[in-house]
Amino acid sequence: AQKITQTQPGMFVQEKEAVTLDCTYDTSDQSYGLFWYKQPSSGEMIFLIYQGSYDEQNATEGRYSLNFQKARKSANLVISASQLGDSAMYFCAMRERSSARQLTFGSGTQLTVLP
Amino acid sequence: EAGVAQSPRYKIIEKRQSVAFWCNPISGHATLYWYQQILGQGPKLLIQFQNNGVVDDSQLPKDRFSAERLKGVDSTLKIQPAKLEDSAVYLCASNPRDTEQETQYFGPGTRLLVL
């Protein structure tokens, strides 16, 4: 079974609008971390935001927020006020205590911001 | 603070040739990871080091891939002989503490093309 599922291969959003990128995960661990990364065409993996399994509040970092619904095992990324520079591949990832804390990635969502 | 360094950034070789990639993690980071990212997919862990010891190499194709981190600092990943399907980006990452709350810090990657 897939541990991280990103069902949107590609998304388009108009500049200055908000967009939600979906991520669902599968784990039986009580302690785990969820991460979102941005990968521009240049290839580097840029850390955006983190949500811990015990965190009761949704994480926020500037224009990024994470809509964490633990019972549904979803961790969607919300980007507000999209900018042209947000066009990139976005990956959801998880670290579980039971799997040596390795990062397991989803297949990614290619976001294109339209002017 | 300097980031994770990788070299070379690009490499083109013919099948059956050998190739080596180098990674220098952020100073003081005990854990080092090598990932393989095939075009259109999320990164897949190849090997994880804690200092100079291997934590997990279960997904490393050991008939052709090898990696070492002799002094617990920088690391080398080698492919010998290369196959067409090894064409990918090879990402190195590190983190100071191996917890599920900690992000990994990624290098810029090495893009390998096998002809």
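So that the names make sense, note that chain A is the first sequence line, chain B the second, and so on, each numbered from 1.
Note: the hydrophobic cluster containing A:Phe68 also contains A:Ile49 (ILVMFWY, side chain heavy atoms under 4.5 Å, direct or indirect links). Hydrophobic clustering keeps A:Phe105 apart from A:Tyr25 (ILVMFWY residues linked when any side-chain heavy atoms are closer than 4.5 Å, directly or through intermediates). Taking hydrophobic clusters as Ile, Leu, Val, Met, Phe, Trp and Tyr residues chained together by side-chain heavy-atom distances below 4.5 Å, A:Phe12 does not share a cluster with A:Leu84. A continuous path of ILVMFWY side-chain contacts below 4.5 Å connects B:Leu60 to B:Val54, so both sit in one hydrophobic cluster.
Interatomic distance, OG1 of B:Thr103 versus CZ of A:Arg95, reported as 7.5 Å (0.5 Å rounding). Rounded to the nearest 0.5 angstrom, A:Met45 CE and B:Cys92 SG are separated by 12.5 Å.
Ranked by heavy-atom pairs shorter than 4.5 Å toward chain A, the options B:Ala93, B:Gly40, B:Pro108, B:Pro43 are led by B:Pro43. Counting heavy-atom pairs closer than 4.5 Å to chain A, the top-ranked of the candidates B:Gln104, B:Glu102, B:Gln41, B:Gln6 is B:Gln104. No other option in A:Gln39, A:Met89, A:Glu44 has as many heavy-atom pairs under 4.5 Å with chain B as A:Gln39. With chain B as the partner, the residue from A:Gly52, A:Gly106, A:Ser42 showing the most heavy-atom pairs under 4.5 Å is A:Ser42.
Looking at A:Gln110, neither its backbone nor its side chain comes within 4.5 Å of chain B, counting heavy atoms on both sides. Contacts between A:Phe35 and chain B at a heavy-atom distance below 4.5 Å involve the side chain alone, from C-beta outward.
A ring-centre distance under 6.0 Å is not found for A:Phe47 and B:Phe106.
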Can you list the steps and then say if A:Leu103 with B:Tyr35 is a side-chain contact (heavy atoms from CB on, under 4.5 Å)? CA-CA 10 Å; A:Leu103 259 179; B:Tyr35 291 86; 3.3 Å; yes

